[in-house]
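Encoded as structure tokens, the structure appears first; notes follow it.
Worth knowing before you read on, the calculation uses all heavy atoms, side chains too, and leaves out hydrogens, waters and symmetry mates. Chain identifiers are assigned alphabetically (A, B, ...) following the order of the sequence lines, protein sequences preceding nucleic acid strands; residue numbering begins at 1 within each chain.
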Protein chains: 2
Amino acid sequence: MLPTIRDVAKEAGVSIATVSRVMRESEGVRDATRLRVLAAAAELEYTPSHLGRQLAERRHAANGIVFPDLSGPYYAEVVLGYEGVAAELRRSVLILSTHGRSDAEDAVREMAGRCDGLVILGRTVSDAAVQSLAARGTKLVLVARPPIGTVDSVNAENHASARSLTEHLLSEGVRSLRFVGDPVSSPDVAERWAGVRDAFLRSESDRAPELVTVDELDEESGAAVADAALAADDLPDAFVCGNDELALGLLGRLAAAGVDVPGTVMVTGWDDVMAARYAGLTTVRQPMRELGATAARLLEELIVDERTEPRHELLPTELVIRSSSSTSH
Amino acid sequence: MLPTIRDVAKEAGVSIATVSRVMRESEGVRDATRLRVLAAAAELEYTPSHLGRQLAERRHAANGIVFPDLSGPYYAEVVLGYEGVAAELRRSVLILSTHGRSDAEDAVREMAGRCDGLVILGRTVSDAAVQSLAARGTKLVLVARPPIGTVDSVNAENHASARSLTEHLLSEGVRSLRFVGDPVSSPDVAERWAGVRDAFLRSESDRAPELVTVDELDEESGAAVADAALAADDLPDAFVCGNDELALGLLGRLAAAGVDVPGTVMVTGWDDVMAARYAGLTTVRQPMRELGATAARLLEELIVDERTEPRHELLPTELVIRSSSSTSH
DNA sequence: TTGAAAGCGATACCAG
DNA sequence: CTGGTATCGCTTTCAA
């Protein structure tokens, strides 16, 4: 058995209260006593139990982060940004992936019971679940998801960059555009799609962009979209994809079919993952780590300062034009 | 304040012991009583406190995983594989990134105090620290790191695939080979380097492979290695890189300099990350998720079954030949 | 089948 | 400056 505060107290010949004071480095302990306690603690290799401490202090010194998946680079980077700041703040980090989990909301609720606060990425849990957590007093920060009630949120700019991206394509001569993604399952994607439509409305174009909905935003889905278009001999001037993985899958299949990109059809993605560079993919870069880091800071404010008025951060993004949408790059 | 077991007991008109029995779904509670308790719990929206429960049960129902960084795809995938299994086993997951943290070992020790067991990836902490954790009774599983004492381990096969890779290159006519990586900081890389040398020894080649040590296994370092070689006008027949990111950085710089790959120089990586496909990079695929998943299962055995004899798993890898090392692909 | 009470390992108040 | 003790929220004997 690991030694407890009582063992140390006995060893040092003091009360547990004194040991507690020494371990917490609180004032008001005579140096001689302190040294005796420290010696005893070292002797027994004593480390205070987190459980006991947390129960007494009624805090966990741990936060949780909920995300759909870690397989793409996007969420991994956000989590990493979050973890970095959380560590600085001396908080442990609990993670929970909801992907393919039927009891996601239970798991989140369970996690809430182990943390002082939670960061929720994307549409991992329902609005109702978020509301109910908030109602129970759980400190929350949403990332990549529009604000709900008075819950804090951190988002990357989507609408304006989607418009810039679309305007770039229009200026490259694109007339027919097909957007690939699922606006329903991802709030980010919904905003991007809205931005694309907006750009069309503001242009002189008499055509409207099309929407192709896919289940997953991965390479496989992208490849499937390309296959379908090739089979139907129905290629638009440009595919605008909800993220880079879709675009990469699509690009790969087009290349295999010998389709000229960007000559025959242009392709764009979103996120600027590493592979995008190697594929020459036009995309929109978002500050993934910053999203996580900002969320960690907001959460800390909620927990420590008891801040009550909600904050909503919007981080800037950047259009990155490469050869998949431009002959001059 | 959240309701406690006492609130529910009062509301239902029973003792806290009975509430505890109902909440843990243990036998020996009359149906009528159970229903009254459940009603009271629902009424108050009661959820048992993990802290209280864990303190009483002396267990955390949580495990930790320690990794250097999550920025490359490799560790992210391992963590994800781990998380998936841990979730099935109804265990929470704590994460800790040691990269750029001076107090890494303290942080790991701290984390050990919050978990029933720990998975340690790569060379994140010293052998001494691992030994001392093990000595204190912390359940441990090492991943991507050679066994230490009687601590469990999970590794991907490195030596044999490094030999196959090297033999492939030799058969492609490579005579001078330069290995890029840091065998000291990564056990995996050390084994790969050893495999390369072995293949040379067993061949008729009269030349020995060279070693270029880099600080980080990232694209930037790879680019720097390419720059140095170009500046010195000293290109080997092949660069064998310790991971894909190094190789991608190298490839990019070679392409920019107009060097013919694989004609003038061949390049290989390791891991088979997504970008490797798009770059046509020859590499060795390892089962990243499986590494994490296997570690989770071993750890569970240690915790639940109190297994004492150590286990060491070796997962298979696969050589993936692409255009960066072969004209026929 | 149920309840009373003793832990689990800390913190923190109140005396002395 | 130090010690005694109630308390945090739960589990788990031991009796009733």
> Between A:Arg311 and A:Glu301, does at least one N-O distance fall below 4.0 Å, as a salt bridge requires?
Replying inline: yes
>> Considering every strand and a 4.0 Å limit on heavy-atom distances, what is the contact class for A:Thr47: base, sugar-phosphate, or nothing?
In response: sugar-phosphate
> Looking for any heavy atom pair under 4.0 Å, which part of the strands does A:Ser49 touch: base, sugar-phosphate only, or nothing?
Replying inline: sugar-phosphate
> Nearest nucleotide by nearest heavy atom, which residue falls closer to the 5' end of DNA chain C, B:Asp31 or A:Glu57?
Replying inline: B:Asp31
> In whole angstroms, how far is the P atom of D:dC10 from the CD1 atom of B:Ile5?
Replying inline: 5 Å
>> If I take atom CD in residue A:Glu27 and atom P in nucleotide C:dA12, what distance separates them, rounded to the nearest angstrom?
In response: 15 Å
> Rounding to a whole Å, what distance do you find between B:Gln54:CD and D:dT12:P?
Replying inline: 13 Å
>> Given D:dG4, C:dC8, C:dA10, identify the nucleotide with an atom nearest to the side chain of B:Arg58.
In response: C:dC8
>> In this structure, how many angstroms lie between the C1' atom of D:dT2 and the CZ atom of A:Arg36, rounded?
In response: 11 Å
>> Is any side-chain heavy atom of A:Val78 closer than 4.5 Å to one of A:Phe67?
In response: no
> Touch check for A:Arg6, heavy atoms < 4.0 angstrom, all strands: base, sugar-phosphate only, or nothing?
Replying inline: base
> Taking atom P of C:dG3 as reference, at what distance in whole Å does atom NZ of B:Lys10 sit?
Replying inline: 15 Å
> Roughly how many Å is it from NE2 in A:His60 to C1' in D:dC10, rounded to a whole number?
Replying inline: 13 Å
> Side-chain donor or acceptor of B:Arg21 under 3.5 Å from a matching atom on the base of C:dG3?
Replying inline: yes
> What's the CZ-C1' distance between A:Arg34 and D:dG3, to the nearest Å?
Replying inline: 17 Å
> Is the closest side-chain heavy-atom distance between B:Val8 and B:Val14 below 4.5 Å?
Replying inline: no
> Checking all strands, does A:Val14 fall into the base, sugar-phosphate, or nothing category for heavy-atom contacts under 4.0 angstrom?
Replying inline: sugar-phosphate
> To the side chain of A:Ala56, which of D:dC8, C:dA5, C:dT2 is closest?
Replying inline: D:dC8
>> Nearest heavy atom decides the nucleotide; on that basis, is B:Ser20 or A:Arg30 closer to the 5' end of DNA chain D?
In response: A:Arg30
>> Over all strands shown, is A:Leu55 touching base, sugar-phosphate only, or nothing at heavy-atom distances under 4.0 angstrom?
In response: base
>> Taking 4.0 Å as the cut-off, does a side-chain nitrogen or oxygen of A:Thr18 come that near to OP1 or OP2 on D:dG3?
In response: yes
> Is a side-chain N or O of B:Asp116 found less than 3.5 angstrom from the main chain of B:Ala61, in a donor-acceptor match?
Replying inline: yes
> Is a donor on one side and an acceptor on the other found under 3.5 Å between the side chain of A:Asp305 and the backbone of A:Leu302?
Replying inline: no
> Out of D:dT11, D:dT5, D:dT2, which nucleotide sits closest to the side chain of A:Ile16?
Replying inline: D:dT5
> Does D:dG3 have OP1 or OP2 sitting under 4.0 Å from an N or O in the side chain of A:Ser15?
Replying inline: yes
>> Counting only side-chain heavy atoms from C-beta out, which of D:dG9, C:dA10, D:dC10 sits nearest to B:Tyr46?
In response: D:dC10
> With no hydrogens and no angle check, is any side-chain donor or acceptor of A:Arg91 less than 3.5 Å from a backbone partner on A:Ala87?
Replying inline: no
> Under 4.0 Å between a side-chain N/O of B:Arg24 and OP1 or OP2 of D:dT12, yes or no?
Replying inline: yes
> Is the shortest side-chain N/O distance from A:Arg53 to OP1 or OP2 of C:dT11 below 4.0 Å?
Replying inline: yes
> To the nearest angstrom, how far is B:Met23 atom CE from D:dT12 atom P?
Replying inline: 15 Å
>> Can you tell me which nucleotide in C:dA10, D:dG4, C:dT2 comes closest to the side chain of B:Thr33?
In response: C:dT2
